[in-house]
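Beneath this line is the structure, given in structure tokens, with notes to follow.
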Protein chains: 2
Amino acid sequence: MGTEDRKAREKERRRNQIIDAAERIIFSKGLEQATMDEIAEEAELSKGTLYLYFKNKTELYLAITQRGSDLLNSQFAKVFAGGHDHTGLELIRLLGETYLNFVRENPNYYNAFMYYESLSDVNELKDSKHAEQCEENRREALNFMIRALQIGMQDGTVNDSYDPKELAVVILSSTRGITAMSHMHGTGYHFEMLDEMELSVDTLFGNFLKLVGTGIASEDARKRWMTDSQNIETNGK
Amino acid sequence: MGTEDRKAREKERRRNQIIDAAERIIFSKGLEQATMDEIAEEAELSKGTLYLYFKNKTELYLAITQRGSDLLNSQFAKVFAGGHDHTGLELIRLLGETYLNFVRENPNYYNAFMYYESLSDVNELKDSKHAEQCEENRREALNFMIRALQIGMQDGTVNDSYDPKELAVVILSSTRGITAMSHMHGTGYHFEMLDEMELSVDTLFGNFLKLVGTGIASEDARKRWMTDSQNIETNGK
DNA sequence: TAATTAAAATGACTGTCAGTCAGAAAGTGA
DNA sequence: TCACTTTCTGACTGACAGTCATTTTAATTA
């Protein structure tokens with residue numbers, strides 16, 4: 001009957017209401033400083049209710065993490081969604097730019113990613129639906145990258161001496177390193193290296209693209225890539 | 001007088017005794033699970049004494065983090081210490097291998113690095129001697145990388161169209177991404193992507209080296225690098 | 001060696017907070 | 001209206017980080 005559907009919807013709404021409140025509190029003062037009592041008050045619920053929807057504080061934060069992860073993946077998807085007027089090499093670049101833009105626009109979600117990855121307690125993650133979805137998103141992101149590489153190998157812009165799967169992992173991982181650096185710089189908490197060297201994140205990213213581009217481009221595409229890399233727009237979309 | 005020196009030495013020994021105990025406890029059960037009471041007992045001291053040497057639990061963990069950071073840098077230094085019979089390009093590779101080996105052999109310290117970087121509370125870090133030293137080590141590591149690139153540009157193995165400083169940041173950051181991946185895979189807590197794809201960390205790292213090598217090598221050095229990259233020994237030293 | 005002072009160490013105590021649970025309130029269906 | 005289920009509540013508990021008045025140990029002086 002329809003009542004059950006409605007109940008399920010309402011339950012889902014409550015969940016989101018709690019996650020919304022948790023985001024406001026945690027994003028404004030950090031995970032450690034945020035208390036469950038405070039989040040409950042912000043959500044206009046009692047603390048006990050929070051625990052009906054999330055088994056503990058970490059799980060609630062993982063729900064936030066998953067939101068970020070879903071959002072990032074939806075941005076990746078957009079790269080492929082439009083008309084297919086991009087070469088494989090361009091797709092790689094677009095995926096990288098998408099990642100970088102995400103970090104800039106959503107530092108709080110990126111923080112959540114870092115916390116998630118620093119979690120070294122298996123049990124905390126093993127039976128978490130949210131963690132599972134984050135891993136699923138990671139797999140999907142990898143598939144986007146593989147697809148871009150395969151397209152590139154077909155259209156001759158990417159050197160086909162690589163195994164696309166292996167290369168995809170490498171590019172995704174190293175991009176992660178670059179975005180992490182950008183994030184740490186952006187939040188300014190530590191890592192003033194870039195400032196000390198008078199480097200901008202854009203310069204850094206431009207060089208990264210040049211490096212990757214030169215590394216994977218076919219001989220044919222290399223020259224074009226290297227000239228393009230001089231003037232990058234990272235706010236592409 | 002000599003008494004003061006001796007006192008200073010003893011104080012230093014106490015400090016290390018506490019850090020030793022903290023490592024044993026925290027490395028075995030994780031930061032969250034480890035309590036200050038337990039660490040105190042392991043160190044055969046009272047809890048209060050711990051707080052005479054470290055202002056809080058985080059600061060104690062930062063001391064551990066610094067140990068790891070110092071250790072990593074000492075390994076980097078070794079790459080340059082021996083006879084100077086390496087080309088710049090080889091030095092880059094050796095630095096990367098050193099980093100990877102460090103992660104494999106010291107996953108606990110690497111965990112500490114990840115925690116350190118996920119710390120988003122400025123105040124926690126601003127007045128920490130340990131955090132300051134970690135940043136100093138980071139700068140030094142960057143300088144190692146810059147030096148390797150400059151040597152490479154001199155000996156003709158590295159493409160000199162890059163700015164060595166900019167490139168060093170890029171390579172260090174992306175290497176960080178690769179090592180992070182390797183770590184997550186090694187600890188097996190999450191991130192089973194590699195297993196699912198039947199890839200080994202060595203394969204991943206080999207491809208990374210090939211990518212970077214191809215990306216930065218001079219035309220001249222490229223062919224040699226690409227053939228070398230087929231059979232890598234990551235336990236080099 | 002005893003008295004005096006300074007430094008180092010102690011552990012009982014406090015405040016905070018994650019997580020629980022017995023019971024209240026709201027919703028459902030007859 | 002009643003019986004029953006689901007959802008919610010908030011006072012309570014246990015655990016733990018961090019404190020501080022007191023004790024212990026060491027160094028210095030007479």
Side-chain angles (χ1 to χ4, degrees), chain A residues 1-22 25-26 28-64 115 119 121 123-125 127-128 130, chain B residues 1-22 25-26 28-64 115 119 121 123-125 127-128 130:
Chain A
M1 64 170 58
T3 316
E4 299 227 334
D5 292 2
R6 199 204 67 227
K7 279 220 178 163
R9 275 201 312 279
E10 280 178 354
K11 204 155 183 179
E12 194 54 31
R13 250 203 302 137
R14 265 276 189 280
R15 265 188 87 81
N16 280 312
Q17 166 189 356
I18 294 171
I19 303 175
D20 288 342
I25 301 296
I26 295 176
S28 77
K29 47 169 49 184
L31 181 64
E32 292 266 296
Q33 298 307 313
T35 70
M36 290 301 268
D37 281 294
E38 204 177 356
I39 293 169
E41 193 183 16
E42 175 77 20
E44 294 175 311
L45 290 167
S46 76
K47 179 153 73 156
T49 306
L50 263 53
Y51 284 89
L52 292 175
Y53 290 83
F54 301 92
K55 86 169 195 292
N56 55 35
K57 193 180 176 186
T58 302
E59 186 68 13
L60 176 51
Y61 196 47
L62 283 178
I64 293 175
Y115 175 81
L119 270 185
D121 190 343
N123 310 317
E124 202 80 78
L125 299 170
D127 47 339
S128 162
H130 298 296
Chain B
M1 65 172 56
T3 316
E4 299 228 333
D5 292 2
R6 200 203 65 225
K7 279 221 180 164
R9 274 202 312 280
E10 279 178 355
K11 205 155 184 181
E12 195 53 32
R13 248 202 306 134
R14 266 275 189 282
R15 264 189 89 81
N16 281 312
Q17 167 189 356
I18 294 171
I19 303 175
D20 288 342
I25 300 295
I26 295 176
S28 77
K29 47 169 50 185
L31 182 64
E32 291 267 294
Q33 299 307 313
T35 71
M36 291 300 268
D37 281 294
E38 204 178 355
I39 293 169
E41 194 182 16
E42 175 76 21
E44 296 176 309
L45 290 167
S46 76
K47 181 154 72 154
T49 306
L50 264 52
Y51 284 89
L52 292 176
Y53 291 83
F54 301 92
K55 88 168 194 290
N56 55 36
K57 193 180 175 185
T58 301
E59 185 68 14
L60 177 51
Y61 196 48
L62 284 177
I64 294 175
Y115 175 81
L119 270 184
D121 189 342
N123 310 317
E124 202 80 78
L125 300 170
D127 47 340
S128 162
H130 298 296

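Computed over heavy atoms, backbone and side chain alike; hydrogens, waters and symmetry mates excluded. Note that this is a predicted model, so its numbers are computed, not measured. Per chain, numbering begins at 1; letters A, B, ... match sequence-line order.
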Side-chain heavy-atom pair [X], [Y] within 4.5 angstrom cut-off:
{"X": "B:Glu41", "Y": "B:Ile25", "value": "no"}
{"X": "A:Arg14", "Y": "A:Leu52", "value": "no"}
{"X": "B:Ile39", "Y": "B:Met36", "value": "yes"}
{"X": "B:Phe54", "Y": "B:Leu62", "value": "no"}

Inset, instruction - Please list residues of residues 29-38 of chain A whose heavy atoms come under 4.0 Å from any atom in DNA chain D, ordered by number; otherwise none. - result: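 Of all residues in residues 29-38 of chain A, none places a heavy atom under 4.0 Å from DNA chain D.
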Legend entry - DNA chain D-proximal residues of residues 48-59 of chain A, any heavy atom under 4.0 Å: A:Gly48, A:Thr49, A:Leu52, A:Tyr53
Interatomic spacing from [atom1] in [X] to [atom2] in [Y] - rounded to 0.5 Å:
{"X": "A:Asn16", "Y": "A:Arg13", "atom1": "CG", "atom2": "CZ", "answer": "10.0 Å"}
{"X": "A:Tyr53", "Y": "A:Gln17", "atom1": "OH", "atom2": "CD", "answer": "8.5 Å"}
{"X": "A:Leu50", "Y": "A:Glu59", "atom1": "CG", "atom2": "CD", "answer": "12.5 Å"}
{"X": "B:Glu42", "Y": "B:Ile26", "atom1": "CD", "atom2": "CD1", "answer": "11.0 Å"}
{"X": "A:Tyr51", "Y": "A:Leu45", "atom1": "OH", "atom2": "CG", "answer": "13.5 Å"}

Inset, instruction - Check each residue of residues 39-46 of chain B for a non-hydrogen atom within less than 4.0 Å of any atom in DNA chain C, then write out the ones that pass by number, or none. - result: B:Leu45, B:Ser46
Inset, instruction - State whether the number of non-hydrogen atoms from other residues, nucleotides or ligands found under 6.0 Å of B:Lys55 atom NZ is greater than 12. - result: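 More than 12 heavy atoms, drawn from other residues, nucleotides or ligands, come within 6.0 Å of this atom.
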Legend entry - Crowding at CD, B:Glu44 (>12 non-hydrogen neighbours, <6.0 Å):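 12 or below, so no.
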To the nearest Å, how far apart are [X] [atom1] and [N] [atom2]?
{"X": "B:Ile18", "N": "C:dA9", "atom1": "CD1", "atom2": "C1'", "value": "11 Å"}
{"X": "A:Ile25", "N": "C:dC17", "atom1": "CD1", "atom2": "C1'", "value": "15 Å"}
{"X": "A:Glu10", "N": "C:dT28", "atom1": "CD", "atom2": "C1'", "value": "13 Å"}
{"X": "A:Lys11", "N": "D:dT7", "atom1": "NZ", "atom2": "C1'", "value": "8 Å"}

Legend entry - No-H, no-angle donor-acceptor pair, B:Lys47 side chain to D:dA17 base, under 3.5 Å: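 Between D:dA17 and B:Lys47, which were checked side chain against base, a qualifying N/O pair under 3.5 Å is present.
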Legend entry - Those residues that, when tested against A:Asp127, pass salt bridge (Lys or Arg N to Asp or Glu O under 4.0 Å) (two or more places apart): none
Inset, instruction - Applying salt bridge (Lys or Arg N to Asp or Glu O under 4.0 Å), name anything that partners B:Lys29, two or more places apart in sequence or on another chain. - result: B:Glu38
Inset, instruction - For the helix from C:dT1-D:dA30 to C:dA30-D:dT1, figure out the bend between the end axes, five pairs an end, and round to 10 degrees. - result: 0°
